[in-house]
Protein chains: 2
Amino acid sequence: MQTAIHPRRHAAHCSNCAMRHLCMPEGLTPEETEKVEDVISATRAVRRGEALFRTGDPFDSLYAIRSGSIKSVVSRDGGREQVTGLYLGGDALGLDGIGENRHMSTAIALEDSSVCIVPYARFERVCRETSSIQRRLHQMMSREIIRETNQLTTLGTLRADERVARLLLDLSARYTRRGYAAAEFTLRMTRDDIGSYLGITLETVSRTLSRFQQRGLIDAHGKLIRIRDFDGLRAV
Amino acid sequence: MQTAIHPRRHAAHCSNCAMRHLCMPEGLTPEETEKVEDVISATRAVRRGEALFRTGDPFDSLYAIRSGSIKSVVSRDGGREQVTGLYLGGDALGLDGIGENRHMSTAIALEDSSVCIVPYARFERVCRETSSIQRRLHQMMSREIIRETNQLTTLGTLRADERVARLLLDLSARYTRRGYAAAEFTLRMTRDDIGSYLGITLETVSRTLSRFQQRGLIDAHGKLIRIRDFDGLRAV
DNA sequence: CGTTACGTTGATTCCTATCAATACGAGTGG
DNA sequence: CCACTCGTATTGATAGGAATCAACGTAACG
């Protein structure tokens, strides 16, 4: 697979990026956004199935998704792997690499995607100069912690159908904030990935979606999902 | 319950704190450690069962454990709650509060404990002045992300006995780094807490420990655990 | 248009939750 | 000092949910 890296002068800037309100510039002034922009060295295209980075790779950049979607996976002893995160446009990847100076997970594109490359050393320097940008980085890291805490409660307390319902509602909310329809979207992950993400098997995912459909909660045609009864899903 | 807060001049300093090599000063020079020290406004005693902070409390400080141990819990709809973290001496608490300016979990002492209070605004300022301290904060946050990712794989892929074994080995490793015996320690959590942390019921925890004992892997007398066969536990 | 990855559905097994009863143990007060 | 009590822990019986094993559709891609 071929990776296309575009130097910054060819890359779109934050100021005209569709994701700017969800991405690193969130809450920053235009001047501060420009400082963030100056850190971004390039964009990179990642094709479906390709890895943006892998466990053990030296860490030197964070990534922000411009378009597409990316899953993070960690391999466990014995080839088995677990999906630990699902990232959409505007989301930041690679925060887990800071602690050990190497990436602690593998990031794989779920569809052809594009990311901004944020060299970490330069970003840290900018954070020291501008407290609002510093605060924004800390906020992003903290929110990643909160996201994982949430996922822990999903895996720790919910039954299979509750987990699937929660995922659908979560995706709906996230797509809504990105300007897409709340009720209709395409699952980018396979049933296997979804099961791994939710701590259940792919068969259980499939059966659960079928049951939701029978009960009139959703329409599901393969990866295309239409939510027909939000309250019903919340009450699962 | 009465909370004792001691202003800094009465508090021990990092330089003579037993936890300094695991705590915030990890990897910092004595001069840098002193800058961290200057941020710490006070220490606080937290009695067994008492909350250091609760979900929804305004966030203004991080905490570092001087002695004792603390669990973090999040309440889910319907009064049910899940243990999401277990923190020992030197560990930092409260990182999940940065993102939303209020605490997103409740921290409850598992035994009489003592923490250093680290006012966040001041700490951020010091991070802007000293890059090594900045890097240390980022490292702590990143490691919290990694810790949760790990816990996600535990809840997502392991069977009950594997989860319990992993917890025992994890605690052993953490106590070892704190200078305690690797093979013998006291579980500070009840069976209920352990079950919640591991996503299983308290009965399963109890049964699993009994089975481990029958197989000669451990000695368990209530909360006191002695590991007799590390490799056996790893192979569960 | 065939090959391959992905998805659905069924039958069965097994692990863990649930329900229930009992034992233990630390702290309290008579 | 001992009885009492409440929170905690152990153990058993049973039920249920999800995993596993298996077969068959279905869709995507070269």
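Proteins come first, then strands; the chains are lettered A, B, ... in the order of their sequence lines, and each starts at number 1.
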Trainee: Between B/Thr190 and D/dT8, is there a contact of a side-chain N or O with OP1 or OP2 at under 4.0 Å?
Mentor: no
Trainee: Does the side chain of A/Thr106 pick up a donor-acceptor pair with the side chain of A/Thr55 at under 3.5 Å?
Mentor: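 Distance-only check passes for A/Thr106 and A/Thr55.
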Trainee: Over how many whole Å does the gap from B/Arg163 atom CZ to C/dT16 atom C1' extend?
Mentor: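 Atom CZ in B/Arg163 sits about 10 Å away from atom C1' in C/dT16.
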Trainee: Any ion pair linking B/Arg228 and B/Asp219 (charged N to carboxylate O, less than 4.0 Å)?
Mentor: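 Looking at B/Asp219 and B/Arg228, the cut-off is met.
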Trainee: Output yes when at least one side-chain N/O atom of A/Thr204 is less than 4.0 Å from OP1 or OP2 of D/dA19, else no.
Mentor: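 Yes, such a contact exists.
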Trainee: Which whole-number value in Å describes the distance from A/Glu203 CD to D/dG17 C1'?
Mentor: 14 Å
Trainee: Which of residues 208-223 of chain A sit near DNA chain D, with a heavy atom under 4.0 Å from it?
Mentor: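 By residue number: none to list.
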Trainee: Rounding to an integer number of Å, can you tell me how far A/Leu187 CG sits from C/dT8 P?
Mentor: 10 Å
Trainee: Taking atom types as they are modelled, would you say the side chain of A/Arg207 forms a donor-acceptor pair with the base of C/dG7 within the 3.5 Å cutoff?
Mentor: no
Trainee: Please state how far atom CD1 in A/Ile225 lies from atom P in C/dG7, giving the value in whole angstrom units.
Mentor: 11 Å
Trainee: Less than 4.0 angstrom from a charged side-chain N to a carboxylate O is my criterion; do A/Glu111 and A/Arg47 meet it?
Mentor: no
Trainee: Grab the CD-C1' distance between A/Glu162 and D/dA18 for me, whole Å please.
Mentor: 14 Å
Trainee: Taking the side chain as every heavy atom from C-beta outward, state whether B/Val236 and B/Phe212 have any pair of such atoms under 4.5 Å apart.
Mentor: yes
Trainee: Are the charged groups of A/Asp91 and A/Arg178 less than 4.0 angstrom apart, N to O?
Mentor: yes
Trainee: Would you mind reading off the distance between B/Arg191 atom CZ and D/dT11 atom C1', rounded to a whole angstrom?
Mentor: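 Rounding to the nearest Å, CZ of B/Arg191 and C1' of D/dT11 are 13 Å apart.
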Trainee: For the residue pair A/Tyr175 and A/Tyr180, categorise the inter-ring angle as parallel (less than 30°), tilted (30 to 60°) or perpendicular (more than 60°).
Mentor: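 Taking A/Tyr180 first and then A/Tyr175, their aromatic rings stand perpendicular (interplane angle over 60°).
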Trainee: Distance check needed: D/dA22 P versus A/Leu202 CG, whole Å only.
Mentor: 15 Å
Trainee: Taking atom types as modelled and ignoring hydrogens, do the side chains of A/Ser206 and A/Arg191 form a donor-acceptor contact shorter than 3.5 angstrom?
Mentor: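 Not at all, the side chains of A/Ser206 and A/Arg191 share no donor-acceptor pair under 3.5 Å.
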Trainee: Once you round it to whole Å, what is the distance between P of D/dA19 and CG of B/Leu158?
Mentor: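 It works out to 14 Å between those atoms.
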